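Encoded as structure tokens, the structure appears first; notes follow it.
Remember, predicted model here, so these are calculated numbers, not experimental data. Here is how names work: the chains are called A, B, and so on, in the same order as the sequence lines, proteins then strands, and each is numbered from 1.
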Amino acid sequence: MPELPEVETVRRGLLSAMEGQVIKAADIRRPDLRWPFPENMAKRLTGAKVTHLRRRSKYILADLSTGETLIIHLGMSGRMLISGDETAKFYQPHTAIQKHDHVVLDMQNGARITFNDARRFGAMDMAQTAELEAHWLLAKLGPEPLGNDFNEPYLVDRLKGRNTPIKTALLDQQIVAGLGNIYVCEVLHRAGISPKRKAGQIAKERISTLVPIIRVVLSEAIEAGGSSLRDHRQTNGELGYFQHSFCVYDQEDQPCVTSGCEGKISRIVQSGRSTFYCAQCQR
DNA sequence: ATGTGTTCCTGTCCGC
DNA sequence: TGCGGACAGGAACACA
């Protein structure tokens, strides 16, 4: 799925078509994604103005004039595509419904937002905006990696005593919210830390280096429009291009790009997920 | 409380 | 070509 940079790319792409605009009609084409859609979702969306379009971790949050917020998660394969937006830099005409188009929002300004998700690991829910932070999907999330609450003392403290590998710890959304498999691999490579090292056994000076590296990697990826491997698309259908900057992810058997390193990228499996790293320069 | 493995679902790719 | 198995940007859940 989209990790934080991909979700942020999608949010930015949706801004001009959605923020400040009224939802004219909502077509909910099946009863559920990962979970059932909320009661009367179409009715609750119709006629509402989107006052703000925000992001929390990997969730897109559309605050509505009705006092509710639409919560959107893209899962592994979710896309949001815009058509019919006259103000768009790259105009896309409407197309016929495609396979796996599950939700279609028609805006008063003529723009259409289509949520497409082949694997249906995505989700949508609605909640009172004032009570959003208590929503079960959001309540336990850790701090935003690009925000001030995520800092060196915080991370050192949260990893203290943890017996799980650092790779697994950084994937834990309760520790830091927004990293996924790609960016954790890339971050650990830049930090020169082995993904296998127990989180609680890494010197605090080394843990501290992770904070700025996480910020830089995510920021660079957002700048690049995210990473498109299989599913991720920007809202105009364009690919992201951060995948061309991968040092380790999906680079099994490639030579390590660290200057002076003679190593080769390995793939291992941790907690059921692929980890890519260089055993030579990541210790 | 922490750590690990399974599960949801569809599509694609690789080897035989 | 066809078929089976592995694998895919996530994360809730069940269990040790």
Side-chain angles (χ1 to χ4, degrees), chain A residues 1-11 29-36 55-60 71-80 98-102 115-125 135-142 145 157-188 195-201 214 217-218 220-222 224-234 239-246 248-253 267-276:
Chain A
M1 128 163 177
E3 304 180 33
L4 187 154
E6 291 73 38
V7 176
E8 178 61 17
T9 298
V10 169
R11 185 192 72 88
R29 306 179 50 78
R30 52 173 298 124
D32 55 29
L33 290 170
R34 181 165 182 182
W35 298 288
R55 179 188 57 73
R56 170 74 171 108
S57 182
K58 301 173 193 173
Y59 295 88
I60 293 172
I71 302 166
I72 303 168
H73 196 284
L74 302 177
M76 286 282 251
S77 54
R79 296 177 184 176
M80 299 196 76
Q98 309 284 306
K99 199 171 182 183
H100 310 305
D101 283 351
H102 305 310
F115 181 98
N116 178 289
D117 183 10
R119 296 179 71 182
R120 303 205 304 275
F121 290 168
M124 286 193 195
D125 200 3
H135 189 278
W136 65 284
L137 288 169
L138 307 177
K140 292 163 86 176
L141 292 174
D157 184 61
R158 284 303 302 267
L159 298 182
K160 201 175 295 173
R162 296 295 293 262
N163 205 35
T164 198
I166 185 66
K167 158 78 181 331
T168 309
L170 292 178
L171 276 179
D172 183 345
Q173 303 297 297
Q174 299 191 35
I175 292 176
V176 55
L179 292 175
N181 209 29
I182 291 178
Y183 297 107
V184 167
C185 291
E186 294 299 318
V187 159
L188 289 174
K196 295 199 271 195
R197 200 155 283 268
K198 307 269 193 191
Q201 289 175 359
I214 286 169
V217 169
L218 293 179
E220 288 176 3
I222 291 169
S227 305
S228 293
L229 289 176
R230 291 158 263 275
D231 296 310
H232 169 63
R233 288 294 122 89
Q234 303 192 42
L239 302 171
Y241 49 94
F242 191 75
Q243 64 277 13
H244 303 304
S245 302
F246 289 170
V248 290
Y249 189 85
D250 232 4
Q251 306 300 311
E252 188 177 13
D253 294 334
R267 185 180 85 92
I268 60 172
V269 175
Q270 295 179 286
S271 307
R273 311 204 55 195
S274 288
T275 298
F276 297 89

Nearest to the [X] side chain among [options], which nucleotide is it?
X         : options                  : value
Arg119(A) : dT4(B), dA11(C), dT10(B) : dT10(B)
Trp136(A) : dT4(B), dA11(C), dA12(C) : dA12(C)
Ser274(A) : dG10(C), dA11(C), dC7(C) : dC7(C)
Arg267(A) : dA8(C), dT4(B), dA12(C)  : dA8(C)
Tyr59(A)  : dA12(C), dC9(B), dC7(C)  : dA12(C)
His73(A)  : dG10(C), dA8(C), dG11(B) : dG10(C)
Arg162(A) : dT2(B), dA11(C), dT4(B)  : dT2(B)

### Task
Answer yes or no for this row: Phe121(A) ring on dA11(C) base, centroids under 5.5 Å, planes under 30°.
no
Please give, in whole Å, the distance from [N] [atom2] to [X] [atom1]?
X         : N       : atom1 : atom2 : answer
Arg233(A) : dA8(C)  : CZ    : P     : 18 Å
His100(A) : dC9(B)  : NE2   : P     : 13 Å
Met76(A)  : dA8(C)  : CE    : C1'   : 5 Å
Ile182(A) : dA8(C)  : CD1   : C1'   : 10 Å
Lys167(A) : dA11(C) : NZ    : C1'   : 14 Å
Arg34(A)  : dT10(B) : CZ    : C1'   : 15 Å
Ile72(A)  : dG10(C) : CD1   : P     : 18 Å
Gln270(A) : dA8(C)  : CD    : C1'   : 17 Å

### Query
With a 3.5 Å cut-off and just heavy-atom distances, do the side chain of Arg120(A) and the base of dC9(B) make a donor-acceptor pair?
no
### Message
Any donor-acceptor pair, under 3.5 Å, between the side chain of Arg273(A) and the base of dA8(C), if you only look at N and O atoms?
### Response
no
#### Entry: side chain to side chain contact (heavy atoms under 4.5 Å, CB included) between Trp35(A) and Leu137(A), intermediate numbers included
CA-CA 12 Å; Trp35(A) 298 288; Leu137(A) 288 169; 3.9 Å; yes
### Query
When the nearest nucleotide of DNA chain B is assigned to Arg230(A) and to Gly161(A) on a heavy-atom basis, which residue is associated with the more 5' position?
Gly161(A)
### Query
Are any of Lys58(A)'s side-chain N or O atoms less than 4.0 Å away from OP1 or OP2 of dA11(C)?
yes
### Query
Between Lys99(A) and dT10(B), does any side-chain N or O lie under 4.0 Å from OP1 or OP2?
no
### Query
Take atom CZ in Arg55(A); do more than 12 heavy atoms of anything else shown fall under 6.0 Å from it?
yes
Base, sugar-phosphate, or nothing: which does [X] touch, judged by heavy atoms less than 4.0 Å apart?
X         : value
Asp231(A) : base
Gly180(A) : sugar-phosphate
Ser227(A) : base

### Shortest non-hydrogen separation from Pro2(A) to Met76(A) and the atoms involved
CD-O, 3.5 Å
### Summary
Under a 3.5 Å limit on both distances, the Watson-Crick or wobble mate of dC9(B) is none
### Message
Under 4.0 Å between a side-chain nitrogen and a carboxylate oxygen: does that hold for Asp117(A) and Arg120(A)?
### Response
no
### Query
Salt bridge or not for Asp231(A) and Arg233(A), using N-O below 4.0 Å?
no
### Message
In whole Å, measure the gap between the P atoms of dC9(B) and dC3(C) for me.
### Response
23 Å
### Query
Between Tyr183(A) and Phe246(A), what is the ring plane arrangement, given parallel below 30°, perpendicular above 60°, and tilted in between?
perpendicular
